[in-house]
Asks: 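My questions all concern the structure below.
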Amino acid sequence: MSTSPGTAQRSSPQGTERVRGQNLSRILTLLHRQGPLSRAELTRLCGFNRSTVGALVSELAQLGLAYETEPAAARRVGRPSPLVHANENVAAIAVHPDVDAVTVGLVGLGGKVHRRIRYDAGSLPTVADTVSISRSVVEGMSSELAAMTLLAGIGAAVPGLVNSNDGTVLLAPHLNWSDEPLAAELSAGLGLPARAANDANLGSLAESLFGAAVGESDVVYLNGSASGIGGGALVGGVPLRGATGYAGELGHTVVNDAGSLCHCGRRGCLETEVSLGRLLAVLGLEHADQDQLEAAMAGNSSPELVAESHRQLDLLAAALTDFVNIFNPGVIVLGGFLGVLHSFVPGRLEAAVADGAIGGLGAEVRIRRAALGSELLLVGAAELVFAGLLADPSSAGALPAGAPAGVPAGVPAGVPAAAEVLSAGVELPASARGHWTD
């Protein structure tokens, strides 16, 4: 008797293995995105029977990707179901180069940031500088790496156009990078597989998974950093990517026809008129990360800062009004210095957008500050790495252990380990001189 192709495929060893892999992926993805869940909750969410969930959880534990703990005492009869956790010690190295700094982090499953170190550069970091600084930071994280179960790879969040297939930075104008094989260079320098993508897109992804846009299907996200403003849109739950993958250059929306010349060739783009540099100039600071900026602005009521903040917020409101009219989002999420600016004058953006958008749409949209703060882009960069692991948990067996032996040996010439810099003030070469903050 003949068997239909579909039946043969389901009963074949290959088909069974594929289904098992898909089920492992489903369990691990739920744990990664939702946090600890009981076996009973996993059974309900996945539709599997209890024995299947038990077997899958056991396999994930054997792979080092999950573990179980006893739940808090429950006020009901019967033995409570154990809590299953994604192993936060399965980690990725996250790298974020920008015009004023290179930030490197160690991020575990579930978005857990174990360590974050920012190196304030004295000049624009080159790709070579970025790799050297990243290696130095990794060397300085030896104690944290020793506690990791697995190192899944390197993810880089870049302020520019990035070919996400091979991690080549096609153009990062603020960094003066063009056709730079960043992922390949990071992989060669640190001895781990590496991927790279646009920072705003990764920030949007991180906020939709762990932050202010969880559960939202229509979102506009804007991130402001020293290199400008990037953005992205989630439309019906699907990221808007464009025909060639580079949609989301929302920072080049014109908000002032008579404004400053932008590097794109036009005048008055959002990122030239609403900028971290203008705020720092008023504050008398050369550079600051998001936390330092907020500390400097907190309680500061100088007329100059108030005037500049109002000016920037009003121009930002003009752009957001356009985005509401175009995308009709339920939520707008503001990351980086834009979130600090929004918090500095509460309600000003909401009022302007409510008055400006057509059909009352502006009154319905919720404007939120990014919840992940200064860890946002590191969490997003780590998602590049975790994507492959979540899709195929069995691949964990081929990943390097997070012991010191998995750390690239030796520090590149002239570049001290981060631990040495932090403890002894050792300087980098002049081409990449700055200072570390932890």
Side-chain angles (χ1 to χ4, degrees), residues 24-39 41-42 45 53 56-72 81-96 103-117 137-138 140-157 190 192-193 195 202-203 205-211 214 371-407 438:
L24 285 171
S25 172
R26 190 170 182 184
I27 295 285
L28 185 59
T29 300
L30 279 171
L31 297 174
H32 173 60
R33 295 180 178 177
Q34 295 191 24
L37 296 167
S38 69
R39 286 195 182 192
E41 288 172 318
L42 289 170
L45 290 169
V53 167
L56 292 169
V57 168
S58 295
E59 185 167 354
L60 289 173
Q62 290 171 0
L63 289 166
L65 301 177
Y67 63 93
E68 291 184 285
T69 60
E70 289 299 320
S81 178
L83 279 179
V84 187
H85 307 247
N87 185 356
E88 63 274 9
N89 290 336
V90 172
I93 294 168
V95 178
H96 175 225
T103 304
V104 182
L106 185 64
V107 184
L109 284 175
K112 167 70 174 179
V113 178
H114 295 283
R115 186 85 183 272
R116 170 181 172 268
I117 293 179
V137 171
V138 170
M141 290 181 178
S142 58
S143 60
E144 287 86 357
L145 289 170
M148 296 299 106
T149 305
L150 296 171
L151 282 178
I154 306 161
L190 278 77
L192 291 167
R195 297 188 63 190
L202 294 177
L205 174 64
E207 283 294 323
S208 69
L209 294 178
F210 303 109
V214 171
L372 299 179
S374 56
E375 297 179 345
L376 172 65
L377 297 181
L378 298 181
V379 173
E383 285 302 303
L384 282 175
V385 177
F386 293 144
L389 186 61
L390 294 173
D392 181 15
S394 62
S395 66
L399 295 173
V407 182
D438 201 350

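For clarity, every value in this text was computed on a predicted model and none was experimentally measured.
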Asks: Taking all heavy atoms of V107 and all of A94, pick out the closest pair and write down the distance.
Replies: CG2-CB, 4.2 Å
Asks: Can you name the residues that form a side-chain contact (heavy atoms from CB on, under 4.5 Å) with E88, not counting sequence neighbours?
Replies: Y67, K112, H114
Asks: Might you work through the side chain to side chain contact (heavy atoms under 4.5 Å, CB included) test for V84 and L37, ending with a clear yes or no?
Replies: CA-CA 5 Å; V84 187; L37 296 167; 5.7 Å; no
Asks: Is it true that a side-chain atom of N89 and a backbone atom of T149 form a donor plus acceptor pair closer than 3.5 Å?
Replies: no
Asks: Mind checking whether L389 and S395 have side chains closer than 4.5 Å, heavy atoms only?
Replies: yes
Asks: Checking S81 side chain against R39 main chain: does a donor-acceptor pair fall under 3.5 Å?
Replies: yes
Asks: How many angstroms lie between atom CG of L24 and atom CG of L63, to the nearest 0.5 angstrom?
Replies: 7.0 Å
Asks: Excluding sequence neighbours, so at least two apart, what forms ring-ring contact (aromatic ring centres under 6.0 Å, His included) with H96?
Replies: none
Asks: What is the distance from atom NE2 of H85 to atom OG1 of T69, rounded to the nearest 0.5 Å?
Replies: 2.5 Å
Asks: Kindly determine whether L30 and L42 satisfy side chain to side chain contact (heavy atoms under 4.5 Å, CB included), including the steps that lead there.
Replies: CA-CA 8 Å; L30 279 171; L42 289 170; 4.2 Å; yes
Asks: Side chain to side chain donor-acceptor pair (under 3.5 Å) with S143: which residues, sequence neighbours excluded?
Replies: none
Asks: Can you list everything that forms a side chain to side chain donor-acceptor pair (under 3.5 Å) with S38? Sequence neighbours excluded, please.
Replies: E41
Asks: Apply side-chain contact (heavy atoms from CB on, under 4.5 Å) to Q62 and list each qualifying residue two or more places apart in sequence or on a separate chain.
Replies: none
Asks: Mind listing the side-chain donor-acceptor pairs of residues 374-386 below 3.5 Å, one per line with the distance, residues two or more places apart or on another chain?
Replies:
from: S374; atom 1: OG; to: D291; atom 2: OD2; distance (Å): 3.1
from: E383; atom 1: OE1; to: H32; atom 2: NE2; distance (Å): 3.3
from: E383; atom 1: OE2; to: H32; atom 2: NE2; distance (Å): 2.7

Asks: Return the minimal non-hydrogen interatomic distance between L202 and A156, and the atom names on each side.
Replies: CD1-O, 3.8 Å
Asks: Below 4.5 Å, heavy atoms only, C-beta onward: do P393 and L60 meet side chain to side chain?
Replies: yes
Asks: Hey, what do you get for CG (L390) to OG (S25), rounding to the nearest 0.5 Å?
Replies: 6.5 Å
Asks: Hey, could you give me the CE/CD1 distance between M148 and I93, rounded to the nearest 0.5 Å?
Replies: 11.0 Å
Asks: May I ask you to decide if L106's main-chain N or O and E144's side chain share a donor-acceptor pair within less than 3.5 Å?
Replies: no
Asks: Can you check side chain to side chain contact (heavy atoms under 4.5 Å, CB included) on E70 and L83, steps first, answer last?
Replies: CA-CA 6 Å; E70 289 299 320; L83 279 179; over 6 Å; no
Asks: What's the separation between atom CG in L56 and atom CD1 in I27, rounded to the nearest 0.5 Å?
Replies: 5.5 Å
Asks: Kindly write out the residues that satisfy side chain to side chain donor-acceptor pair (under 3.5 Å) with R26, not counting sequence neighbours, or none if the list is empty.
Replies: none
Asks: If you round to the nearest 0.5 Å, how far is CG of L150 from CG of L65?
Replies: 6.5 Å
